[in-house]
Amino acid sequence: MSLSAVIFSADDIRGALLRKTLEKNGFEVSLYKNIHAAGDILKAKSPPLVIIDKEGYFPGELEYFSSLSGPLAGTSVLVVANSAQDASISLKGVPVEWCLSNPLDLPFIASKAKELLTVKPESNLKALLPATDESGSSEDETLAKDLMGFLGLK
Amino acid sequence: MAEVTGSNEFQGKEESDSSQENKPPFAEQTGTSLNISQKSVEVQEKPEVFGGPIGLDVGTSNIVMAQNKGAKIGIATQLNAFFAIPQSKFTGQILSQNDIVFFEHNKQYYIIGDSAENFANMFNANTRRPMEKGFLTLREDSGVAIIQAIIKTLVQRPKKLGEIICFTVPGEPLHEDHKFSSLDGHESVIRMYLESLGYTPIAINEGLAVVMAELGDENFTGIGISIGGGMCNICLSYMSVPVIMYSIQKGGDDIDESVSGEVELSATKIKGIKEGGLDLSALPKNNVELALQICYTDLINHVVRSMESVFSSSNKIPKISQPVPIVIGGGAASPKGFREKFENTLRSVRLPFEISSVRVSKDPLYTTAKGALAMAISESK
Ligand SMILES: Nc1ncnc2c1ncn2[C@@H]1O[C@H](COP(=O)(O)OP(=O)(O)OP(=O)(O)O)[C@@H](O)[C@H]1O
Ligand SMILES: [Mg+2]
């Protein structure tokens, strides 16, 4: 299976470290700084995994990200943050995991990323379904939700 | 939606086969063609043009060019120094007839590179330098023209327009002694000149260049240090990503000057003695050797203590669970016993991660140029 991920990181070094780590682990990675472009990026790439490195982003930027549960349906989200509480991003119906941000535990993040894509079948739903519309109320999304419900995933 | 592309990290094409799933990243292998540390070096009298990517180390004392030459690495060097004499038809003829490298500028003849040192010795005078403590100096009116002319003796126009050339730049100094010349200014002067020759220039931090040259087997993870003439550069790299880079504006030249101030011999004389086979592991035989040993101890202490304070106070360092290697390049790391002295000093400080080994690179004077070449090759793929 080809692995791919989109990373959002406001910090050049942390972003480069995350990218390098995932690439070394067989992922195809796209790295972005500007979180406001996330809507377009998710639509264009439909990545099975999004990693968001919270450090350095403003609350408003994170709020914008939280509004993306539509385009993120079927995608796993890994939040890199200082604590579980800090990592809580409300994304309806989207599985969110977190990893410690300081210090960055890169081998752990890599294994978590792989686990998210290999263990959780819902992450593969995107591949099974036609691309979803970002409006969040499309038929496709309803179908995705129904399917998840059917599979007992949420 | 601008995607962030490679910063200063190595873009080598590495295998990422899924059978390596459970191996820690350090254990991964890197394409052997990029593992430059195993290649032997051939120093060329006159730089030849082979085509292909180039590594260029722009140092305070030496400028070094590295290029692939079959199974070897071709190296050409030039002293980063000059000697100015008033212009006249007669001197011009003499210089040309004797194969002395010079150029005309502001009604002066500037004798450059290795020729400058020969000339200075003849006149019992000192050479001057376009760079000081790692950066272009503003003290020399024609500094920019001079450094360009010296680079030109090593780097001709590329065979293929847009060929990659990677050139070294220092890290930001911890304590800024240089008042005017900034890193950005220095970098852009070199960059613009290389561009004007027809290259695509890419800057690489000097400490990272040491990592690129020497730590291929360690997955480009570890600490690269260059102890040069004007400064020391330190870089902590994780899988070729330069996590921490900084410099200290002290190096081999400061040792020469400090010792010279103590023992009433010129700095040039001291440099000669120092390079002539100083042994830091043996008892000093005279006052010059004693002074040299004291200065080396000071310099090593300074570097090691800076590592303790910079690394311990950084929140950028990822979790490093395996001990990391330290590799040291740069001409001033050449003396016998340097490695042991460094290693012993290291025992007196606490770093936030363990060190697996300390070693001095194979060709300390050429290490950074080789690392710049490794980067240039990977960027060309
Ligand atoms: N065999 C040797 N023993 C001791 N010192 C040496 C030896 N060979 C060269 N050096 C010293 O190494 C220094 C030059 O090293 P190098 O060429 O690596 O510096 P540089 O790259 O020009 O300078 P920098 O990196 O500081 O800008 C000089 O101080 C020189 O005296
Ligand atoms: Mg140097």
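Predicted model only: the values in this text are computed from it and were never measured. Every chain is numbered from 1, with letters handed out A, B, ... down the list of sequences.
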For the candidates A:I7, A:L104, A:V6, which exhibits the highest count of non-hydrogen atom pairs separated by less than 4.5 Å from chain B? A:L104
Quick check: are there more than 12 heavy atoms from other residues, nucleotides or ligands sitting under 6.0 Å from NZ of B:K362? yes
Report the C-alpha distance between A:K24 and B:N219 in whole Å, list the side-chain angles of each, state the deciding distance to 0.1 Å, and finish with yes or no for side chain to side chain contact (heavy atoms under 4.5 Å, CB included). CA-CA 10 Å; A:K24 282 272 175 190; B:N219 210 1; 3.0 Å; yes
Does CD belonging to B:E195 count more than 12 external heavy atoms closer than 6.0 Å? yes
Assess the residue pair A:L17 and B:M239 against the criterion (side chain to side chain contact (heavy atoms under 4.5 Å, CB included)); give the C-alpha distance rounded to whole Å, side-chain angles, the decisive distance to 0.1 Å, and a yes or no. CA-CA 8 Å; A:L17 287 171; B:M239 288 194 289; 5.8 Å; no
Identify the heavy atoms of B:I317 and A:P103 that sit nearest to each other, and give their distance. O-CB, 3.6 Å
Under 4.5 Å from a heavy atom of chain B, the part of A:N102 involved: side chain
